[in-house]
Amino acid sequence: MVAAVVEHNGVVVLAHNRAWPQTLRSFYGLITGFLERGESPEQCALREVKEELDLIGTGATLIGVYAFEQMNQVIIAYHVSAIGTVTLNHELDDFRHVPLGEMQGLVRRNGPCAARLAVQQRLRIADAGDT
């Protein structure tokens, strides 16, 4: 699985999947997807951002690779800078723009899932760039 930490207009885009059960109504996650035949993980991250949010990824930078043991999967996480106007596809029913500073609080409240670890790593990269 590939996950994208999508940075759009200086904030992170989190999305809600319409297929998630009602118990997860307040949950928003990273943009994720699976590789298509002949596609690199980086290409997958950019394609998923375009397909799910209708944003154009201007670059994908590897954040890290994380075990997602609950699903017997590995997540390859990328930071994707994106431009355009968010338009959700049929898989998603809502999205939120979340400032990077607020992401740290979301990570602490929601625990150490692999995708959240990816967000933590992205925040470390952003913090290092600010110095």
Side-chain angles (χ1 to χ4, degrees):
M1 176 184 282
V2 174
V5 177
V6 180
E7 190 170 344
H8 177 246
N9 295 332
V11 295
V12 174
V13 179
L14 298 179
H16 184 269
N17 190 308
R18 78 173 60 249
W20 291 342
Q22 188 62 30
T23 56
L24 296 179
R25 184 63 208 140
S26 64
F27 183 83
Y28 288 76
L30 301 175
I31 301 303
T32 59
F34 293 97
L35 294 170
E36 292 183 353
R37 182 181 305 272
E39 183 177 56
S40 73
E42 180 179 340
Q43 291 168 329
C44 177
L46 294 169
R47 176 183 52 77
E48 289 292 341
V49 169
K50 178 63 178 166
E51 285 181 3
E52 295 187 15
L53 300 173
D54 198 28
L55 294 176
I56 298 168
T58 59
T61 304
L62 180 66
I63 295 170
V65 178
Y66 305 92
F68 188 20
E69 295 172 5
Q70 299 91 326
M71 297 295 290
N72 294 318
Q73 296 175 357
V74 172
I75 294 178
I76 305 168
Y78 286 88
H79 167 242
V80 175
S81 295
I83 58 174
T85 301
V86 174
T87 303
L88 302 177
N89 77 352
H90 65 279
E91 296 176 26
L92 305 175
D93 60 7
D94 197 16
F95 78 97
R96 292 195 177 159
H97 277 130
V98 180
L100 280 173
E102 291 180 25
M103 291 297 293
Q104 291 174 328
L106 289 173
V107 169
R108 279 192 289 275
R109 285 194 304 275
N110 293 312
C113 149
R116 292 184 194 99
L117 290 173
V119 172
Q120 286 177 322
Q121 180 64 28
R122 170 63 189 124
L123 291 172
R124 282 191 212 108
I125 292 167
D127 290 344
D130 291 339
T131 57

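Bear in mind the structure is a predicted one, so any value in this text is a computation, not a measurement.
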Could you check whether any side-chain N or O of Ser81 sits under 3.5 Å from a backbone N or O of Thr58, counting only pairs where one atom can act as donor and the other as acceptor? no

How long is the straight-line distance from [atom2] of [Y] back to [atom1] of [X], given to the nearest 0.5 Å?
X     : Y     : atom1 : atom2 : answer
Met1  : Leu35 : CE    : CG    : 10.5 Å
Thr85 : Asp54 : OG1   : CG    : 8.5 Å
Leu88 : Leu53 : CG    : CG    : 6.5 Å
Asn17 : Asp94 : CG    : CG    : 11.5 Å
His8  : Ile83 : NE2   : CD1   : 8.5 Å
Arg18 : Asn89 : CZ    : CG    : 8.5 Å

Applying side-chain contact (heavy atoms from CB on, under 4.5 Å) to Lys50 and Leu55, what does each step give before you reach the verdict? CA-CA 5 Å; Lys50 178 63 178 166; Leu55 294 176; over 6 Å; no

Please check if Ile56 and Val2 belong to a single hydrophobic cluster, counting links between Ile, Leu, Val, Met, Phe, Trp and Tyr side chain heavy atoms closer than 4.5 Å. no

Hydrophobic clusters here meaning ILVMFWY residues chained together by side-chain heavy-atom distances under 4.5 Å, can you tell me if Val11 and Leu30 are in one? no

What are the two closest heavy atoms between [X] and [Y], and how far apart are they?
X     : Y     : answer
Ile31 : Ala15 : CD1-CB, 3.8 Å
Tyr78 : Pro41 : OH-CB, 3.4 Å
Glu39 : Phe34 : OE1-O, 4.2 Å
Gly57 : Leu46 : CA-CD2, 3.7 Å
Ala60 : Glu42 : CB-CG, 3.6 Å

Do His16 and Arg96 pair up side chain to side chain, a donor and an acceptor below 3.5 Å, judged on atom types alone? no

Given Phe95 and Glu52, is the side-chain contact (heavy atoms from CB on, under 4.5 Å) satisfied, shown in steps? CA-CA 11 Å; Phe95 78 97; Glu52 295 187 15; over 6 Å; no

Does any part of the side chain of His97, heavy atoms only, come nearer than 4.5 Å to the side chain of Val13, both counted from C-beta? yes

One pair to check against side-chain contact (heavy atoms from CB on, under 4.5 Å): Asp93 and Arg25. What are the steps and the verdict? CA-CA 10 Å; Asp93 60 7; Arg25 184 63 208 140; 3.3 Å; yes

Residue pairs, two or more places apart or on separate chains, that pass salt bridge (charged side-chain N to carboxylate O under 4.0 Å, His left out) and touch residues 61-89: none

